[in-house]
Amino acid sequence: MSTHTAQPGHEQVDVNDPRLSRFDIVREGARRDDIEIVHYEPQVVPGSKAERRLVRTVAAMFLLTGLAATAFLVVYIWWPWQYEMGRGGDKFYTPLLGITLGIALLSVGFGILTWGKKLLPKEVSIQDRHEGVSTEDQRITGETMAYMAEELGVKRRPLLGVSLLAGLAPVGAVAAAPLVGGLISDPHKNNQLMTTGFAPRDGQKIRLIREDGRPIRPADVSAGGQITVFPGVEHGVSNRYADSPTLLIHLRDADAEQSRRNNEQVGHGNYMWGNFAAYSKICTHAGCPASLYEQQTNRLLCPCHQSQFLITDNAKPIFGPASRRLPQLPIEVDAEGYFVATSDYTETVGPDFWERP
Amino acid sequence: MKRRKFDMAAAPGKTGRAVDERFQVATPLRQLLNKVFPDHWSFLLGEIALFSFIVLLLTGVFLTFFFEPAMTEVIYNGSYAPLRGTPMSAAYASTLDISFDVRGGLIMRQMHHWAALLFVGSIIVHMLRVFFTGAFRKPRETNWVIGVLLFWLGVVEGFAGYGLPDDGLSGTGLRIASALMMSIPVVGTWVTAAIFGGDFPGTIIVTRLYIAHVLLLPGILLALIAVHVGLVFKQKHTQWPGPGRTNSNVVGERMFPRYAIKQGGFFMVVFGMIALMGGLFQINPIWLFGPYEAWVVSAASQPDFYMMFLDGSTRLMPDWEIYIPIGDGYVIPPIFWPTVVLPGIMTVLVLAYPFIEARRLKDTRRHNLLQRPRDVPGRTAVGAMAIAFFMVLTLSGSNDVIADKFHISLNAMTWAGRIGLLVVPPVAYYITYRLCLGLQQHDREVLAHGVETGIIRRLPDGRFVEVHQPLGSGDGHGELPYAGWVVPKKMNRLGALGPAIRGFFYPIEKPAEAPVSPGHPEVESRTEQEIGSGR
């Protein structure tokens with residue numbers, strides 16, 4: 001018992017004194033924890049009208065909980081829950097569960113709160129924080145620890161410490177090795193960062209196909225139109241070739257002319273075929289598909305971070321956070337009249353990284 | 001058979017003795033039952049986070065029984081007709097099954113998601129409360145640091161969970177996450193390949209996110225929450241200044257029964273609200289987004305609200321690429337700055353704030369009394385500046401939706417965000433600082449001259465003056481020092497109008513040193529000790 005909180009004149013009460021009420025004992029217990037109950041006021045007079053009203057309110061809330069919980073069970077068991085297209089009772093299944101469960105929990109919550117806040121006596125207690133720091137204790141503990149360190153004698157026997165460290169360091173590495181070693185995976189394996197599904201296989205040029213797998217003829221895309229194309233390889237239309245989706249655009253004459261001129265300036269003279277140009281759909285900023293094509297201005301917008309690329313100028317970024325143009329896929333038409341990729345992309349597809357050449 | 005007589009009334013006492021003889025718990029239990037907690041509505045914000053975490057654990061365990069964390073390709077054949085026959089990952093298919101083919105699965109999913117949003121949201125509001133009232137000061141810096149870690153863990157945990165269903169929206173989120181990992185100089189591609197098991201998207205990321213989401217991160221969260229709450233217990237809660245409250249005591253209620261009952265009721269209310277939201281408000285309808293396909297995205301793809309500030313910073317970043325012409329040339333892409341560097345700086349600044357402030361003020365004392373935000377204009381203004389910064393970023397995270405709904409140019413929105421990010425925070429700082437000074441001045445004015453009564457009196461010489469009700473005795477001029485707590489500014493706060501207000505502010509204005517209950521001797525108040533906030 002610290003001295004500075006004990007009330008003046010307060011002596012420990014004999015708790016076995018039969019004259020003490022239960023509250024006196026509670027109060028004595030609190031005092032032993034340096035708590036003074038300075039204010040303890042019943043909020044309702046026992047047996048009064050107000051008390052009966054509060055009891056009724058709380059009881060009603062608890063009964064409502066039971067009712068709502070039962071309703072939850074009824075809905076859960078008998079309400080049609082299987083999903084069906086169109087309108088139907090099943091659309092109300094989840095909302096009804098939510099309402100019944102919500103009401104059940106809220107009313108038990110408010111019932112308990114009312115009980116605690118209105119029916120229990122209000123009190124104000126004061127507890128001492130006991131934050132006094134004992135410098136003596138600090139010194140004792142410090143000395144104890146220093147003594148233990150001395151007993152170990154690392155200072156006198158430095159070899160022990162050094163050899164222990166030398167022994168434990170590799171053990172730490174052993175703990176880390178399986179995790180790091182297991183997770184590590186060479187990002188440059190098979191040159192995977194730089195290749196896409198359009199890389200020719202066995203000298204065979206890869207066809208451009210639609211989402212449903214059919215190859216594409218020039219006549220399939222009208223002027224001003226565009227279509228998302230994939231490499232015509234097994235699983236070409238899947239996330240296994242997440243970097244391959246490409247936008248095939250049929251430019252109008254004037255735009256195509258401008259595109260060709262700009263193509264030549266960056267050495268992409270033969271990348272277009274006729275008025276058709278193909279650009280990677282994977283944004284060079286964060287890898288989202290840059291899929292909103294504005295026909296009138298020939299701009300391609302990425303909906304994730306609003307980078308905008310000007311298709312007629314080599315898909316150069318003209319607004320937003322992207323810093324690199326969309327790579328262009330060189331295309332031509334094969335003997336059967338279908339689009340093929342002349343070669344793989346000649347620039348890295350997808351978001352930028354440190355060692356991109 | 002002869003039955004021994006069973007004395008019902010003596011049973012609890014007997015059991016208690018039996019337990020104590022074995023475990024010696026009587027004293028620590030009494031200390032726990034008696035522990036005093038100060039009360040104020042703002043102390044309950046952290047509780048909301050704690051309670052929603054419990055709801056997250058409950059609903060989350062349910063979901064694990066039905067979720068299949070695998071990216072194996074399956075053909076969907078469940079109840080949701082529009083997607084039947086579509087190839088998709090097992091993760092997406094099982095999430096559809098939870099939504100349509102598990103009875104009550106949808107409400108569990110939606111409750112889980114709403115609870116997650118509430119968890120992070122209440123952490124943010126709780127942090128603001130702690131910041132603006134100075135509750136982070138010595139001796140509570142450790143708990144501030146743990147709190148900041150809890151916030152980030154909550155964000156990462158939320159994002160991991162958001163990525164699990166492998167739907168169109170979450171796949172795009174993962175794609176962006178992979179891009180920002182790739183952007184880290186030197187090791188970016190290695191980090192990404194290690195996490196995704198090769199090139200994006202690979203076949204393992206959902207499985208790894210799953211174990212992080214259901215075991216690793218919740219484990220760390222649970223441990224940190226335990227330490228966080230344990231430290232609040234050990235160090236005892238802060239309290240507002242007020243009658244009888246000093247830096248070295250706690251004025252409030254004993255934990256049992258009233259305080260604990262209120263906590264239990266509050267938990268039920270939070271739980272009930274989450275259940276209502278989970279049932280009534282649709283969230284993350286993954287069946288509308290379709291499975292993740294690398295070539296499909298739609299406009300208005302926004303992440304959960306707590307990630308939107310990062311999305312916004314990414315959108316606002318100009319296309320500044322750093323090219324290093326050594327060897328084949330190396331690149332630092334622009335996405336690196338807003339998604340890796342900026343959150344890093346923000347975290348370090350927030351973590352270091354208690355130490356920066358203590359150093360600036362050369363303050364090494366312990367503080368258990370809270371400060372009103374107006375009394376510390378500098379800190380309050382810095383906080384307002386941070387909120388402004390965060391809000392500009394968050395709004396920019398949905399600038400395409402704003403542009404669309406209000407018919408504003410998208411590029412104009414981006415520019416507004418870029419300029420706003422630099423201009424709005426300093427303006428917020430200045431305005432907040434002036435507001436604080438104004439409020440302080442008004443407090444002093446009321447203390448010196450009294451409360452405006454609304455009564456106009458005409459003086460004999462014809463002038464009109466308003467009558468003020470002095471707060472102190474006598475004419476009240478210059479007698480009352482400011483005590484760091486609310487100054488009553490309306491007559492009904494002084495009890496001039498009808499019955500005093502009950503409820504919300506009631507316990508605070510009730511003088512603590514007036515015992516009413518019969519039979520309890522008057523206690524000497526200890527108001528002579530320090531009352532101010534210790535500045």
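Chain letters run A, B, ... following the sequence lines, proteins first and then strands; every chain starts at 1. Predicted, not measured: the structure shown is a model, and the values here were computed from it.
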Interchain contact, B:N368 with chain A, by part (heavy-atom threshold 4.5 Å): both
Looking only at heavy atoms and a cut-off of under 4.5 Å, which of A:P95, A:A322, A:S21, A:C302 has the most pairs with chain B? A:P95
Would you say the side chain of B:R175 lies within less than 4.5 Å of the side chain of A:P351, judging by non-hydrogen atoms? yes
Counting heavy-atom pairs under 4.5 angstrom with chain B, the leader among A:L292, A:L247, A:V26, A:I99 is A:I99
Output the option from B:V36, B:D400, B:N411 having the highest count of non-hydrogen pairs under 4.5 Å with chain A. B:N411
So CD1 of B:I107 and CG of A:L101: to nearest 0.5 Å the spacing works out to 6.0 Å
B:L276 vs A:L106 side-chain heavy atoms within contact, under 4.5 Å: yes
Options A:P303, A:P245, A:P317, A:P289, ranked by heavy-atom pairs under 4.5 Å with chain B, top entry: A:P289
Quick check for you: to the nearest 0.5 Å, what is the distance between A:Q127 atom CD and B:Q31 atom CD? 9.0 Å
Heavy-atom pairs under 4.5 Å with chain B are the metric here; pick the option from A:Q82, A:Q308, A:E84 that has the most. A:Q308
With a 3.5 Å distance limit and no angle check, can you tell me whether B:R258 reaches the backbone of A:G116 through a side-chain donor-acceptor pair? yes
Check whether any side-chain heavy atom of B:T189 lies under 4.5 Å from a side-chain heavy atom of A:H188, and answer yes or no. yes
Quick one: closest heavy-atom pair of A:T94 and B:G278, and the distance? CG2-O, 4.0 Å
Considering only heavy atoms from C-beta outward, does the side chain of A:M85 approach that of B:P82 to under 4.5 Å? yes
Is the closest side-chain heavy-atom distance between B:P257 and A:L120 below 4.5 Å? yes
Only pairs of heavy atoms separated by less than 4.5 Å count here; which of B:Q235, B:M277, B:H237 has the most with chain A? B:H237
Run B:N249 and A:D128 through side chain to side chain donor-acceptor pair (under 3.5 Å) and show every step you take. CA-CA 4 Å; B:N249 70 8; A:D128 205 82; over 6 Å; no
Judged by modelled atom types alone, do A:E131 and B:N247 share a side-chain donor-acceptor pair under 3.5 Å? no
Interchain contact, B:V187 with chain A, by part (heavy-atom threshold 4.5 Å): neither
Verdict with supporting geometry, B:V251 and A:H39, side chain to side chain contact (heavy atoms under 4.5 Å, CB included): CA-CA 11 Å; B:V251 178; A:H39 178 82; over 6 Å; no
Which answer fits A:D186, side chain, backbone, both or neither, if we ask what part of it has an atom under 4.5 Å from a heavy atom of chain B? both
For A:F230, all residues meeting ring-ring contact (aromatic ring centres under 6.0 Å, His included), sequence neighbours excluded: B:W295
Any donor-acceptor pair under 3.5 Å from B:D319 side chain to A:G320 backbone: no
I need the B:E293 CD to A:S238 OG distance, nearest 0.5 Å. 9.5 Å
Examine whether an atom of B:P291 lies under 4.5 Å from a heavy atom of chain A, and if so say whether it belongs to the side chain, the backbone or both; otherwise answer neither. neither
Pair B:K236 + A:D34: basic N to acidic O under 4.0 Å: no
Side chain to side chain contact (heavy atoms under 4.5 Å, CB included) between B:V296 and A:S291: does it pass, once the steps are laid out? CA-CA 8 Å; B:V296 180; A:S291 49; over 6 Å; no
In terms of heavy-atom contacts, B:I335 and A:A286 come closest through CD1-CB, 3.8 Å
For residues A:F110 and B:V269, determine if any side-chain heavy atom of one lies less than 4.5 Å from a side-chain heavy atom of the other. yes
Minimum heavy-atom distance A:I184-B:A194, with the two atoms named: CA-CB, 4.4 Å
Would you compute the distance between atom CZ of A:R240 and atom CD of B:E73 and round it to the nearest 0.5 angstrom? 6.5 Å
Minimal heavy-atom distance between B:F100 and A:W81, with the atoms involved, is O-CZ3, 3.8 Å
Using non-hydrogen atoms and a 4.5 Å limit, figure out which bit of B:I184 sits close to chain A: side chain, backbone, both or neither. backbone
Residue A:E211 versus chain B: region with a heavy atom under 4.5 Å: side chain
Could you tell me which non-hydrogen atom of A:I35 sits nearest to which non-hydrogen atom of B:N34, and how far apart they are? CD1-O, 3.0 Å
The reported gap from CD in A:Q306 to CE in B:M413 (rounded to nearest 0.5 angstrom) is 9.5 Å
Under the ring-ring contact (aromatic ring centres under 6.0 Å, His included) test, residues paired with B:F37 that sit two or more places apart: B:F233, B:Y259
Is there a donor-acceptor pair under 3.5 Å between the side chain of B:E253 and the backbone N or O of A:S125? no
Go through the steps to decide whether B:V250 and A:R129 satisfy the test side chain to side chain contact (heavy atoms under 4.5 Å, CB included), and finish with yes or no. CA-CA 7 Å; B:V250 188; A:R129 274 190 194 271; 3.8 Å; yes
Please check if the side chain of A:Y76 supplies one atom and the backbone of B:R103 the other of a donor-acceptor pair under 3.5 Å. yes
Are A:R356 and B:E321 within salt-bridge range, i.e. N to O under 4.0 Å? yes
Pairs of heavy atoms under 4.5 Å with chain A: top-ranked of B:D328, B:D101, B:L180, B:T339: B:D101
Just wondering, do A:H305 and B:D311 contact through their side chains at under 4.5 Å, heavy atoms? yes
Check A:S185 against B:A193 and note the closest heavy-atom contact, atom names and distance. O-CB, 3.3 Å
Partner chain A: residue of B:S178, B:P87, B:A81, B:P201 with the largest heavy-atom pair count (under 4.5 Å): B:P201
If you round to the nearest 0.5 Å, how far is CG of B:L410 from CG of A:L301? 6.5 Å
Do NZ/NE/NH1/NH2 and the carboxylate oxygens of A:E123 and B:R254 come within less than 4.0 Å? yes
Note: vs chain A, highest number of non-hydrogen pairs under 4.5 angstrom among B:F196, B:F200, B:Y80 is B:Y80
Do B:D199 and A:K189 make a side-chain contact, defined as non-hydrogen atoms from C-beta onward lying under 4.5 Å apart? no
Would you confirm whether B:R315, through its side chain, and A:P321, through its main-chain N or O, come within 3.5 Å as a donor-acceptor pair? no
Heavy-atom pairs under 4.5 Å with chain A: which of B:G78, B:A294, B:G264 has the most? B:A294
Would B:W190 and A:F353 count as a side chain to side chain contact (heavy atoms under 4.5 Å, CB included) if you check the C-alpha gap in whole Å, the side-chain angles of each, and the deciding distance to 0.1 Å? CA-CA 10 Å; B:W190 289 85; A:F353 49 92; over 6 Å; no
